[in-house]
*Asks:* 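The following block contains the structure, expressed as structure tokens.
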Number of protein chains: 2
Amino acid sequence: MQGSPHILIVDDHREIRDLVARALAKENFRVSAAADGRAMRKVLSDSRIDLILLDLMLPGEDGLALCRSLRAESNIPIIMLTAKGEEVDRVIGLEMGADDYLPKPFGSRELVARIKAVLRRMPGGAAAAPARAKRYRFDRWALDTGARELLRDDGVTVPLSTGEYDLLIALVERPQRVLSRDQLLDLARGRSANAIDRSIDTQVSRLRKKLERDPGDPKIIKTVWGGGYVFAPDVGAE
Amino acid sequence: MQGSPHILIVDDHREIRDLVARALAKENFRVSAAADGRAMRKVLSDSRIDLILLDLMLPGEDGLALCRSLRAESNIPIIMLTAKGEEVDRVIGLEMGADDYLPKPFGSRELVARIKAVLRRMPGGAAAAPARAKRYRFDRWALDTGARELLRDDGVTVPLSTGEYDLLIALVERPQRVLSRDQLLDLARGRSANAIDRSIDTQVSRLRKKLERDPGDPKIIKTVWGGGYVFAPDVGAE
DNA sequence: CCGCGCCCGACACACTTTGTCACAAAAAAC
DNA sequence: GTTTTTTGTGACAAAGTGTGTCGGGCGCGG
């Protein structure tokens, strides 16, 4: 994990979201918020989240169901929040795969302490989430996430640096979506952008040089003027 | 065991985890904590644990079940902790394969004494009852954990030093996962890293020289810039 | 159609991280 | 106790990444 951890708070009460967001921002965490399961999934697909604070009681799909479905596809650490301070909930929460449990009302000091404790015991971090090796196909390329290799259809392996690989993964997993530099920086490097950050531009340039037929007229990573970049080709996953 | 022993406390009560962690840290043990079976397995797969303190009563999978499943795949010493001071539990616990048994409440002095006692009778013990010999296969290699030998598919045996072997095992058992130098040092050497520790780098370099076709362009042990190393190939166990 | 301001591509350079070698320290073998 | 092997450390080279600059392209308003 390079930058400061990115925490997602999922709670339907605006006051709680704001409160938690302020408390965490003060501790130098990056914070996003979502009011329900749908918003949560949106945030998860738009940015790289290191830890989720999940309210047990939510409108629509409730916290436990969300927790279970999150666990099915990733291993982002989860801390459950709940109003009912009953032991039963704690047990249920931990069984669903939550990493810790915090009864409301809680002080910001305690919240921060729990978050740090949970993050500390996640050595690989959330970045290690896709435990399963995949192979993506696009254009004339195949990207193997297990071996971290980029293969051209003529069989040649093109070496990618770590940064190029991370950026390419972020793009390939979100094809045909405009991604801002800020998002890409978050997804690929786990940090947020400084005012005059051009590092993504440079990295895109280097990537294009490796995978475009004509880097001067890119067909794969296209520029959206004033917006960011789009991964243009269709991606087939295996 | 090279560095200070690494103890894992598994208990769902945070107060107990903290208490025990403090007591052990004071005695110069390294300590990790887990709230349930899932967290326990995560810690076990991320670091090298010398002894487990296991609470009998846990949410989800309970202590006895965990103890039994641990015994099935390793022989890490286990001390069972339990609130019920009944003799029955002791018998059951020891039958399940626990190495000792400590009724709550216990003083930190007694805890430390028991731990040291169990660890003292390990050195021969752990080596004397090694986990079943396995044979890992990857790329064009086979790694035999019984004979501690590395065999190339043309039949040649490549000699590995103890350190090279330990490092390779740490990597082979966690394929396609990014492992930090700190983790590798813990897994392979049982100690934690100093600020400017480069010993893992040299050891990786030596390993590559032995098992990569082209050590200058490694396909097996890959570098993650700013992150650590990844064991890239698929590993088949036998 | 033209000029202006802003955004992006490319390159050079500084800085950080990693590879590797030689050598010393430590451990193991003899 | 000596020799041999292995492991850690320091130094330097190589690679990867981010920042600054320059110049060209894009959108916008006239």
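The sequence lines fix the lettering, A, B, ..., with proteins before strands; numbering per chain opens at 1. No hydrogens, no waters, no symmetry mates; every other heavy atom, side chains included, goes into these values. Quick caveat, the model's predicted, so the values are computed rather than measured.
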*Asks:* Respond yes when some side-chain nitrogen or oxygen of A:S205 is under 4.0 Å from OP1 or OP2 of C:dG9, and no when none is.
*Replies:*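 Negative; the distance criterion is not met.
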*Asks:* Rounded to whole angstrom units, what separation is found between the CD1 atom of B:I200 and the C1' atom of D:dT6?
*Replies:*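 Checked: the CD1 to C1' distance equals 15 Å.
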*Asks:* Please give, in whole Å, the distance from C:dA10 P to A:K210 NZ?
*Replies:*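 Result: 15 Å.
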*Asks:* Decide, yes or no, whether a salt bridge links B:E164 with B:K210 under the criterion of side-chain N to carboxylate O below 4.0 Å.
*Replies:*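 Salt bridge present between B:E164 and B:K210.
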*Asks:* Got a donor-acceptor pair under 3.5 Å from the side chain of A:R198 to the base of C:dG9?
*Replies:*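 In this structure, the two groups form a donor-acceptor pair.
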*Asks:* Decide, yes or no, whether a salt bridge links B:D139 with B:R152 under the criterion of side-chain N to carboxylate O below 4.0 Å.
*Replies:*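 No, B:D139 and B:R152 are not salt-bridged.
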*Asks:* On DNA chain D, compare the nucleotides closest to A:I196 and B:S161; which residue's is nearer the 5' end?
*Replies:*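 Per heavy-atom nearest nucleotide, the more 5' residue is B:S161.
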*Asks:* Could you check how far CG of B:D201 sits from C1' of C:dC21, rounded to whole Å?
*Replies:*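 Going from CG in B:D201 over to C1' in C:dC21 covers 14 Å.
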*Asks:* Closest-nucleotide mapping onto DNA chain C: is A:R208 or B:K209 further toward the 5' terminus? I mean the 5' end.
*Replies:*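 On the 5' side of the pair lies A:R208.
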*Asks:* If the threshold is 4.0 Å, N to carboxylate O, is there a salt bridge linking B:D18 and B:R22?
*Replies:*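 Here B:D18 does not pair with B:R22 in a salt bridge, since their nearest N and O are not under 4.0 Å apart.
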*Asks:* Under 3.5 Å, is there any donor-acceptor pair linking the side chain of B:R206 to the base of D:dG8?
*Replies:*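 It does, because a donor-acceptor pair links the side chain of B:R206 to the base of D:dG8 below 3.5 Å.
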*Asks:* Got B:L143 and B:R135 here, is their nearest side-chain heavy-atom distance under 4.5 Å?
*Replies:*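 They are not in side-chain contact.
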*Asks:* Round to a whole Å and report the spacing from CG of A:D166 to P of D:dG16.
*Replies:*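 Those two atoms, CG and P, are 14 Å apart.
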*Asks:* Once you round it to whole Å, what is the distance between P of C:dT18 and CD1 of B:I221?
*Replies:*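 Value for this atom pair: 15 Å.
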*Asks:* In this structure, how many angstroms lie between the P atom of D:dT5 and the OH atom of B:Y165, rounded?
*Replies:*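 After rounding, the reported distance stands at 22 Å.
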